[in-house]
S.K.: 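Before I ask anything, let me first share the structure, which is written out below as structure tokens.
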Amino acid sequence: MAEYDVTFIEREEREARFLIRGVTPAFANGIRRAMIADVPTFSIDTVRVIENSSVMFDEQIGLRLGLVPLTTPLGDFDIGDEVTLALDVEGPGTAYSGDLVANDEMVEAADTDIPIIELKEDQRLELEADAVLETGRDHAKHQGGVAVSYRHLQGVENVGERDEFADDESHIIRGVIEDDGDLIPTEDFGNDLTNRYPDTEVKVEDVPGAFVFHVETDGSFDVDTLVTEATATLRSRAEALTDAVAL
Amino acid sequence: MMIPVRCFTCGTVIAGHWEEFKERAREGDEDPEVVLDELGVERHCCRRMLVSHEDLVDVVAPYQ
């Protein structure tokens with residue numbers, strides 16, 4: 001097995017930035033795609049409307065409910081499992097995602113402050129909804145990762161002094177740079193290399209096999225779960241392939 | 001009608017920020033740029049969702 005190495009640059013519950021060294025571009029893209037399409041999350045799929053006297057149609061409410069991220073304890077459920085949620089709000093007031101009550105306490109709205117519909121006097125919304133565990137491959141509302149991306153780590157090398165009469169132009173760069181083994185996010189110096197290296201000529205080159213991932217989740221689970229589950233799906237598919245071609 | 005739950009482009013959940021944004025930047029007199037920065041809405045795709053939104057529930061409610 002190939003040697004690889006992971007360094008975290010930024011690590012929060014729902015957002016992280018980390019560097020992976022020693023992987024091929026194909027493998028880096030494989031992880032990215034697995035995070036988007038292969039890690040399942042719960043999302044409302046079927047809605048049974050009991051009463052809807054709001055200004056929105058049932059279908060519009062159904063769409064909004066489907067987009068609400070639900071906490072997904074992976075490992076306790078299998079793909080295709082269903083959880084039933086109920087919502088009953090009477091106006092005047094606003095129905096929020098936090099008003100959804102599930103029959104399983106492990107599943108609830110990840111953000112409780114999403115307005116579903118504003119209800120006026122004498123308006124009421126009562127419904128029952130089935131959330132199903134599916135992958136992003138099936139429907140985008142099941143994507144756990146949001147804006148998952150990666151870019152090359154960029155090595156910056158000092159190649160001497162800047163010409164005295166050189167144009168005084170900014171050198172804008174985004175991502176993370178590596179200078180003598182130090183990892184520096186470009187936001188630290190206003191994304192402008194001339195702020196960090198004044199009067200110096202620098203050479204910027206992609207570091208081969210080093211990728212900086214930027215991962216956000218919609219709140220269904222934390223970033224750690226998303227990344228480990230994504231790599232696990234890659235592994236399980238690779239093993240399935242090994243078995244399939246074994247003599 | 002209501003603020004979309006997620007950003008059309010990247011899929012970040014932005015609906016939860018609407019009420020605070022509306023109170024501070026629309027009804028209040030704070031700079032929308034500062035409010036969005038403080039809410040942590042970073043990308044311009046997500047920012048336009050809040051900046052360009054208009055609530056229509058009050059407009060259609062009388063015709064129910």
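As a basis for the values below, the full set of heavy atoms in this structure was taken, side chains included, without hydrogen atoms, waters or symmetry mates. Letters go in sequence order (proteins before strands), and every chain restarts at 1.
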S.K.: Count the heavy atoms belonging to other residues, nucleotides or ligands that lie under 6.0 Å from CZ of A/Phe57, then report whether that count exceeds 12.
M.R.: no
S.K.: Using a 6.0 Å cut-off, check whether atom CD of B/Glu42 has over 12 heavy atoms from anything other than its own residue.
M.R.: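 No.
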S.K.: Under 4.5 Å, counting heavy-atom pairs only, tell me which of A/Leu63, A/Asp218, A/Thr217 racks up the most with chain B.
M.R.: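 Max contact count across the listed options: A/Asp218.
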S.K.: Which of the residues A/Thr94, A/Asp111, A/Ile117 is involved in the greatest number of heavy-atom pairs with chain B at under 4.5 angstrom?
M.R.: A/Ile117
S.K.: If you count heavy atoms of other groups shown closer than 6.0 angstrom to CD of A/Glu12, is the number above 12?
M.R.: yes
S.K.: Between the side chain of A/Arg64 and the main-chain N/O of B/Ile3, is any donor-acceptor distance below 3.5 Å?
M.R.: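 Yes, A/Arg64 side chain to B/Ile3 backbone: donor-acceptor pair under 3.5 Å.
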S.K.: With only heavy atoms counted, which part of B/Val5 is less than 4.5 Å from chain A, the side chain, the backbone, both or neither?
M.R.: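 Both backbone and side chain.
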S.K.: Hey, does A/Ile116 have a side-chain heavy atom less than 4.5 Å from the side chain of B/Met2?
M.R.: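 A side-chain contact is absent here, since even the closest heavy-atom pair is not under 4.5 Å.
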S.K.: Any idea which heavy atoms bring B/Gly11 and A/Val146 closest together, and the distance?
M.R.: O-CG2, 3.6 Å
S.K.: What option among B/Asp58, B/Leu56, B/Asp55 has the most heavy-atom pairs under 4.5 Å with chain A?
M.R.: B/Asp58
S.K.: So, for A/Val55 and B/Ala61, which heavy atoms are closest and what is the spacing to 0.1 Å?
M.R.: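 Heavy atoms of A/Val55 and B/Ala61 come nearest at CG1-CA, 3.8 Å.
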S.K.: Do other residues, nucleotides or ligands put more than 12 heavy atoms under 6.0 Å from the CZ atom of A/Arg48?
M.R.: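 Atom CZ in A/Arg48 is packed in, count exceeds 12.
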S.K.: Which atoms form the tightest heavy-atom contact between A/Glu216 and B/Arg43, and what is the distance?
M.R.: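 For A/Glu216 and B/Arg43, the tightest heavy-atom pair comes out as OE2-NH1, 2.8 Å.
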S.K.: So, for A/Pro115 and B/Ala15, which heavy atoms are closest and what is the spacing to 0.1 Å?
M.R.: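 Where A/Pro115 meets B/Ala15 most closely, the heavy atoms are CD-O, 3.5 Å.
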S.K.: Tell me whether A/Arg32 at atom CZ has more than 12 heavy atoms from other residues, nucleotides or ligands lying less than 6.0 Å away.
M.R.: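 Atom CZ in A/Arg32 is crowded, with more than 12 foreign heavy atoms closer than 6.0 Å.
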S.K.: Just wondering, are more than 12 heavy atoms of other shown residues or ligands nearer than 6.0 Å to CG in B/Asp29?
M.R.: no
S.K.: Name the region of A/Ser54, side chain, backbone, both or neither, that has any atom closer than 4.5 Å to a heavy atom of chain B.
M.R.: backbone
S.K.: Are any non-hydrogen side-chain atoms of B/Glu19 and A/Asp113 less than 4.5 angstrom apart?
M.R.: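 No - every pair of side-chain heavy atoms lies 4.5 Å or more apart.
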